Number of protein chains: 2
Amino acid sequence: MIDSNVFKALADPTRRAVFEQLARKEKSVRDLAAELPVSQPAVSQHLAVLREAGLVAERRHGRFTYYRTAPDALASLAEWVDRYRVFWPERVEKLKEILKEMDE
Amino acid sequence: MIDSNVFKALADPTRRAVFEQLARKEKSVRDLAAELPVSQPAVSQHLAVLREAGLVAERRHGRFTYYRTAPDALASLAEWVDRYRVFWPERVEKLKEILKEMDE
DNA sequence: TTATTAGATAAGCAATGGCTTATTTATAGG
DNA sequence: CCTATAAATAAGCCATTGCTTATCTAATAA
């Protein structure tokens, strides 16, 4: 059973932007705040929501806190989506091809 | 670029329950309202949100309106998730199991 | 026609969400 | 020590959300 918090966390565009950034590269709160059109406290609040949803993890180093996407961040979401691929036959074939490629 | 409306629509547990029902079987508003702990207007409102997000489609027949999941309902969401799937190799095995179940 | 039923829409309400500025806590460096 | 900086937390504001009851529209059936 997927947690609503995952969908809620990703429903906000700013939060999704944060997640996408952190998927590419670990960043401090300050780094994120510098890129986004919102204040540092707003970023901290967004990070708290993402952390609560299990989407990001933190690492403290001195005064800095570095965030990154959590391992298996999207596991539950991916599983939920996969359940409905059954109603979507054309995509299943494509997916099988992708999996085959991943094996090679 | 995925639309926030998809995440927002699925962030509500009642709405997710509606979507999951409609993925299995076409149902009238009344059918849905009978199964859920909310009023008929609430169900209509939820359906409007799901429709707005492109997740469900309707078919009118007399006084009844039957809803079902839209074709390709989760296309954009699946695409978004797939972009991050490469970071989680363990997930691929579970996905294969799901696909195997679907074949049987 | 008239009454009934399916569903959408309107209006109002309490709770939540995303933002701000102000403050607090913790670490670093003079 | 004292000051500066990184980040979290507090408090308040306004918009949005999910629900309710009441109403409206349209289609069926008496």
Side-chain angles (χ1 to χ4, degrees), chain A residues 1-23 25-70 77, chain B residues 1-23 25-70 77:
Chain A
M1 195 69 69
I2 190 163
D3 186 0
S4 285
N5 288 339
V6 174
F7 286 111
K8 277 188 193 165
L10 297 171
D12 182 80
T14 303
R15 225 142 44 208
R16 218 158 49 242
V18 169
F19 179 83
E20 289 170 5
Q21 283 299 314
L22 298 181
K25 197 167 184 283
E26 184 183 66
K27 290 192 175 180
S28 69
V29 177
R30 192 137 213 300
D31 291 340
L32 290 165
E35 297 171 339
L36 297 166
V38 297
S39 65
Q40 172 267 310
V43 174
S44 284
Q45 288 160 19
H46 282 311
L47 288 167
V49 172
L50 290 166
R51 192 188 326 112
E52 194 71 23
L55 293 171
V56 303
E58 63 190 289
R59 172 179 73 89
R60 296 237 171 84
H61 187 260
R63 277 179 299 178
F64 295 82
T65 309
Y66 295 97
Y67 283 85
R68 63 184 186 288
T69 58
L77 178 57
Chain B
M1 195 69 69
I2 190 161
D3 185 1
S4 285
N5 288 340
V6 174
F7 287 110
K8 277 188 193 164
L10 296 171
D12 182 81
T14 303
R15 224 141 46 208
R16 217 158 51 242
V18 168
F19 179 84
E20 290 171 4
Q21 285 298 314
L22 298 180
K25 196 166 185 285
E26 185 182 67
K27 290 192 176 181
S28 69
V29 177
R30 194 140 213 299
D31 291 339
L32 290 166
E35 297 171 338
L36 297 165
V38 296
S39 67
Q40 172 268 309
V43 173
S44 283
Q45 288 161 19
H46 282 312
L47 287 167
V49 172
L50 289 167
R51 194 190 323 114
E52 194 71 22
L55 293 171
V56 303
E58 62 190 289
R59 171 179 72 89
R60 296 236 171 83
H61 188 258
R63 275 178 302 179
F64 295 82
T65 309
Y66 296 97
Y67 283 85
R68 63 183 185 288
T69 58
L77 179 56

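Only a predicted model underlies this, so the values are computations on that prediction, with no experimental measurement involved. Letters go in sequence order (proteins before strands), and every chain restarts at 1.
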Gap between atoms CZ and C1', on A/Arg60 and D/dA6 respectively (whole Å): 11 Å
Donor-acceptor under 3.5 Å (B/Arg68 side chain, B/Leu22 main chain): no
Value rounded to 0.5 Å, distance of CD1 in A/Ile2 from CZ in A/Phe7: 4.0 Å
Sugar-phosphate, base or nothing in reach of B/Tyr67, heavy atoms under 4.0 Å: sugar-phosphate
Euclidean distance, atom CZ of residue B/Phe7 to atom C1' of D/dT17 [Å, nearest integer]: 19 Å
Close residues, residues 48-57 of chain B, relative to DNA chain D [heavy-atom separation under 4.0 Å]: none
Nearest-Å distance for atom pair CG/P, residues A/Leu36 and C/dG18: 14 Å
Whole angstrom value for the distance that separates P of D/dA6 from NZ of A/Lys27: 16 Å
Protein-to-nucleotide contact annotation, 5' to 3' order, nucleotides 19-30 of chain C [B base; S sugar-phosphate only; - none; under 4.0 Å, heavy atom]: BBBB----BS--
For atom NZ of A/Lys8 and atom C1' of D/dT17, their distance in whole Å: 10 Å
Distance in angstrom units between A/Leu47 CG and D/dA6 P, rounded: 15 Å
Nearest-Å distance for atom pair CG/C1', residues B/Leu32 and C/dG7: 12 Å
d(CD, B/Glu58; C1', C/dG7) in whole Å: 10 Å
